[in-house]
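What follows is a single structure, written as structure tokens, with notes after it.
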Amino acid sequence: MITIKSSSQLQNILEEDLSKNEKIGFVPTMGALHKGHLELVNQAQKENKVVVVSIFVNPTQFNNPNDLQNYPRTLDYDLKKCEEADVDYVFTPSEQEIYPTPDKRIFDFGLLSKVMEGKHRPGHFNGVAQVVSRLFDIVKPTNAYFGQKDFQQLAVIRKMVADYNYNTNIVACPTVREEDGLAMSSRNKLLTPSHRKSAPLIAKTLFAARNKMQEMSVKELTNWVITEINNDPLLEVEYFEIANAQTLKPINNWNDAKNLVGCIAVQAGEVRLIDNVLFKTDN
Ligand code: PAF
């Protein structure tokens with residue numbers, strides 16, 4: 001495994017693979033690696049000759065300065081995990097390396113970036129698009145791997161790739177969960193023991209909701225999920241929306257779209273958790 005800080009150095013190294021038409025798999029991360037990230041690496045290794053992992057806590061995607069400051073940073077541990085996983089290159093750029101000048105680009109992803117996370121974290125997806133486009137320009141990956149836990153992020157990145165003609169295939173990997181159902185996230189490390197105990201109620205409720213589709217209207221089920229989770233005094237739902245899984249447009253009736261996703265954000269003390277569940281798919 002080689003750790004590289006400079007984008008030009010990484011580009012020089014990857015140039016040889018690109019010239020031989022070798023497949024480059026890319027796993028962009030903000031570090032604090034967990035099993036979910038390692039699953040992305042594993043998938044990338046199956047489908048590519050070379051695997052690059054980036055570790056960069058991207059300031060432009062944080063709408064809250066405290067959140068940026070408190071975001072877990074565990075570089076030594078992350079490098080050890082990448083080494084154990086036999087990653088080829090780990091890219092650990094500085095902020096200066098990614099943004100030599102302030103990134104003023106404004107992306108427009110329409111509704112996809114305006115609902116749910118987009119509404120509650122203004123500017124978040126613009127920052128994600130800034131960093132992911134910059135990283136794609138450097139790495140020029142054949143395939144890039146993202147977790148389905150960040151459902152809306154995946155939709156936004158797919159749109160970015162389509163709108164800006166990136167030659168990268170986006171691969172979505174299933175959410176990896178703790179044994180008690182909690183979706184793995186770097187932020188889980190920040191939960192207090194009592195919030196950690198309460199947090200699995202989020203996934204439990206989402207899965208239970210899937211079985212109640214026949215009994216309730218969309219509105220009733222939405223309210224049921226919110227009430228169920230808010231019944232725990234340590235959890236507070238910020239939003240829960242059932243939407244068309246392609247456009248993310250909220251639906252009113254179960255037949256409004258073939259693919260439906262329920263997306264949720266919950267405040268657990270100081271930590272904001274997100275999760276989602278597919279309600280209906282056409283395959
Ligand atoms: O999902 C994440 O960890 C980040 O949003 C990403 C895609 C690495 C961009 O900073």
Side-chain angles (χ1 to χ4, degrees), residues 7 10 24-41 43-44 51-65 67-75 77-79 81-82 87 89-99 103 105 107 109 112-113 116-118 120-141 143-161 164 166 168-176 183-190 263 265 271-276:
S7 26
L10 180 64
I24 298 175
F26 180 41
V27 181
T29 83
M30 297 206 298
L33 300 185
H34 51 69
K35 269 195 212 148
H37 293 116
L38 297 174
E39 273 305 312
L40 302 180
V41 168
Q43 191 62 31
V51 172
V52 182
V53 171
S54 66
I55 299 178
F56 177 65
V57 181
N58 171 39
T60 71
Q61 72 187 75
F62 285 82
N63 56 314
N64 173 344
D67 191 23
L68 171 61
Q69 201 185 338
N70 296 334
Y71 199 83
R73 289 163 173 87
T74 59
L75 187 60
Y77 172 86
D78 295 344
L79 292 177
K81 286 286 150 192
C82 288
V87 169
Y89 305 113
V90 183
F91 182 41
T92 57
S94 63
E95 195 177 329
Q96 176 66 21
E97 192 68 37
I98 294 293
Y99 302 117
D103 194 336
R105 289 174 300 163
F107 293 81
F109 301 116
L112 281 185
S113 58
M116 302 190 285
E117 288 301 280
H120 292 268
R121 299 186 68 189
H124 168 64
F125 288 121
N126 202 62
V128 169
Q130 287 175 339
V131 76
V132 173
S133 62
R134 177 83 182 108
L135 290 167
F136 280 10
D137 290 340
I138 297 167
V139 178
K140 299 190 178 60
N143 298 302
Y145 296 78
F146 296 87
Q148 252 159 2
K149 197 205 70 153
D150 297 298
F151 195 90
Q152 194 171 0
Q153 170 171 280
L154 247 167
V156 164
I157 290 170
R158 284 205 160 107
K159 177 127 176 73
M160 183 192 86
V161 164
Y164 294 83
Y166 275 98
T168 294
N169 176 40
I170 302 299
V171 185
C173 299
T175 303
V176 180
M184 287 204 185
S185 160
S186 303
R187 293 175 195 274
N188 293 353
K189 289 191 173 70
L190 303 173
C263 294
V271 184
R272 189 172 177 281
L273 300 172
I274 60 171
D275 201 349
N276 64 79

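In listed order, ligands and their atoms are each counted from 1.
Side-chain atoms of Y71 and N58 include no donor-acceptor pair closer than 3.5 Å.
S113 contributes no side-chain N or O that, together with a main-chain N or O of F125, makes up a donor-acceptor pair within less than 3.5 Å.
Considering backbone and side-chain N/O of T29, none are found under 3.5 Å from N/O of ligand 1.
Contacts with ligand 1 closer than 4.0 Å are made by no heavy atom of I157, backbone or side chain.
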Report all side-chain donor-acceptor pairs from residues 131-141 shorter than 3.5 Å, counting only partners two or more places apart or in another chain.
residue : atom : partner : partner atom : Å
S133    : OG   : R105    : NH1          : 3.0
S133    : OG   : R105    : NH2          : 3.1
S133    : OG   : A129    : O            : 2.8
S133    : OG   : Q130    : O            : 3.0
R134    : NE   : I98     : O            : 2.7
R134    : NH2  : E97     : O            : 3.2
D137    : OD1  : Y166    : OH           : 3.0
K140    : NZ   : D137    : O            : 3.1

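For Q61 against R121, the heavy-atom pair with the smallest separation is O-NH2, 3.6 Å. Looking at every heavy atom in both residues, L112 comes nearest to A155 through CD1-O, 3.7 Å.
Given atom 3 (O) of ligand 1, the protein heavy atom at minimum distance is M30 CG, 3.8 Å.
For ligand 1, the atoms closer than 4.0 angstrom to any heavy atom of Q61 are 4 (C), 5 (O), 9 (C), 10 (O). The atoms of ligand 1 that sit less than 4.0 Å from any heavy atom of V131 are 9 (C), 10 (O). Atoms of ligand 1 lying under 4.0 Å from at least one heavy atom of Q153, given by number and element, are 1 (O), 2 (C), 4 (C), 5 (O), 7 (C).
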